[in-house]
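Here the structure is laid out as structure tokens; the discussion comes afterwards.
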There are 2 protein chains.
Amino acid sequence: MNQEHEQLRKDVTARLVRNGITPTRQRVEIGMRLFDCDKHITADQLLERVNRGNGEVSKATVYNTLGLFAAKGLLREVVVDPGKQIFDTNVSPHHHLYNVDTGELRDIESRDLVVSGLPALETGIEITGVDIVVRVRNAG
Amino acid sequence: MNQEHEQLRKDVTARLVRNGITPTRQRVEIGMRLFDCDKHITADQLLERVNRGNGEVSKATVYNTLGLFAAKGLLREVVVDPGKQIFDTNVSPHHHLYNVDTGELRDIESRDLVVSGLPALETGIEITGVDIVVRVRNAG
DNA sequence: GTCAGTGCAAACCCTTTGCAGAAAG
DNA sequence: CTTTCTGCAAAGGGTTTGCACTGAC
């Protein structure tokens, strides 16, 4: 299992390098906890995971690292709640189902959801993404 | 024009009462500035508008009032940016086009945008809304 | 006089920034 | 040695909360 651990470390390191990210101790630590977890995670949750292990990493570094990973395409930010950054390790095109009562966030496969009728854009403007959030609540 | 002003005050007061909101001085003041402005506005922008006039209202009250108005259906919250609550005075079904470079936010008529393939929901869960955000940026 | 409802100062929490220090050239 | 990059303490800014106060009955 220490072997598995070392293997994971190597995998993460390689992945960072492949994406042009210097694999520092903190980043590898964060990456190991990140890619081995739920698909949706906040900086706080990740910080807790990292420091529950052996890693000693500050909150600011977790934020900065998540931002860096997102900029490099290893992560995607999901905007469903103001005042809360949620990151998604699933970077393929897909949408989200968000339960406002429980905070539960689930993926909806992109191919299941079809959007038509996008407006024409003026020149000089390009689409970076179409995000669909289906908001649900517990009936009552 | 003082007459118009008084007419607006009456209209806003009536509207609040109709929606089950006690029309206090602060709320009417806020409402007058709110329904007579751009469709998309943040608490900060609204506070500035209110206090540029005669109104003396604290920031906290603006936040609380916006939250109350939204809960009562006079407003709708638009989630396009984490760390920033934007309110929309247009409460009819529609979607948004968001320019991440300029912060510009525009409406897309709901009838122009068709979504199909929503997943079946388990019982006890109901949809409160389907929000589509088309993110764009200035090309280059 | 009592009680529900309101407004705001202060507290809170998430995020960003500025800088000391490390690593690379 | 100089330059670039990294990590984090402290600062920042948007939002919420707890309580004094007001108005209604």
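Every chain is numbered from 1 and lettered A, B, ... according to where its sequence line falls, protein lines coming before strand lines.
- Atom CG in A:Leu66 sits about 13 Å away from atom P in D:dG7, given to the nearest Å.
- Interface residues of residues 74-86 of chain B facing DNA chain D, ordered by number: B:Gly83, B:Lys84, B:Gln85; criterion, heavy-atom separation under 4.0 Å.
- Remark: B:Thr22, B:Thr24, B:Gln26, B:Arg27 in residues 19-34 of chain B come within less than 4.0 Å of DNA chain C through at least one heavy atom.
- In this structure, B:Thr22 contributes its side chain and B:Thr24 its backbone to no donor-acceptor pair below 3.5 Å.
- The backbone N or O of B:Asn138 lies less than 3.5 Å from a partner atom in the side chain of B:Asp101, making a donor-acceptor pair.
- Between A:Glu56 atom CD and D:dA9 atom C1' there is a gap of 15 Å when expressed in whole angstrom units.
- Across the protein-nucleic acid pair, A:Leu68 atom CG and D:dT6 atom P stand 7 Å apart, rounded to whole Å.
- Atom-to-atom, CG of A:Leu47 to C1' of D:dA9 comes out at 14 Å; the value is rounded to the nearest Å.
- Judged by closest nucleotide on DNA chain C, B:Ala60 is the one of B:Ala60 and A:Thr42 placed further toward the 5' end.
- Summarising the geometry, the separation between CG on B:Asp44 and C1' on D:dG12 is reported as 13 Å, rounded to the nearest angstrom.
- Using a cut-off of 4.0 Å between Lys/Arg side-chain N and Asp/Glu carboxylate O, B:Lys10 and B:Glu6 are scored as not salt-bridged.
- B:Asp131 has a carboxylate O that lies under 4.0 Å from a charged side-chain N of B:Arg76, or vice versa, which qualifies the two as a salt bridge.
- The phosphate of D:dG7 (OP1 or OP2) has no side-chain N or O of A:Thr61 nearer than 4.0 angstrom.
- Remark: the backbone N or O of A:Ile21 is not paired with any side-chain donor or acceptor of A:Asn19 at under 3.5 angstrom.
- Ion pair A:Glu122/B:Arg106 flagged as a salt bridge, since at least one NZ, NE, NH1 or NH2 atom sits closer than 4.0 Å to an Asp/Glu carboxylate oxygen.
- Using modelled atom types and a 3.5 Å distance limit, the side chains of B:Asn90 and B:Ser92 yield a donor-acceptor pair.
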Base-contact (B) and sugar-phosphate-only (S) positions in nucleotides 18-25 of chain D, heavy-atom cut-off under 4.0 Å, - elsewhere: --------

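- Looking only at distances, no side-chain donor or acceptor of A:Thr61 sits under 3.5 Å from a matching main-chain atom of A:Val57.
- When the C1' atom of C:dT6 is taken as reference, atom CZ of B:Phe69 falls 13 Å away, rounded to whole Å.
- Between A:His96 and A:Asp107, the side chains place a donor N or O and an acceptor N or O closer than 3.5 Å (distance only, hydrogens not considered).
- Atom pair A:Tyr63:OH and D:dA10:C1' shows a separation of 15 Å (rounding to whole Å applied).
- Looking only at distances, no side-chain donor or acceptor of A:Glu48 sits under 3.5 Å from a matching main-chain atom of A:Gln45.
- Not one N or O on the side chain of A:Thr89 forms a donor-acceptor pair closer than 3.5 Å with the backbone of A:Phe35.
- Straight-line distance from the CD atom of A:Glu48 to the C1' atom of C:dC14: 16 Å, rounded to whole Å.
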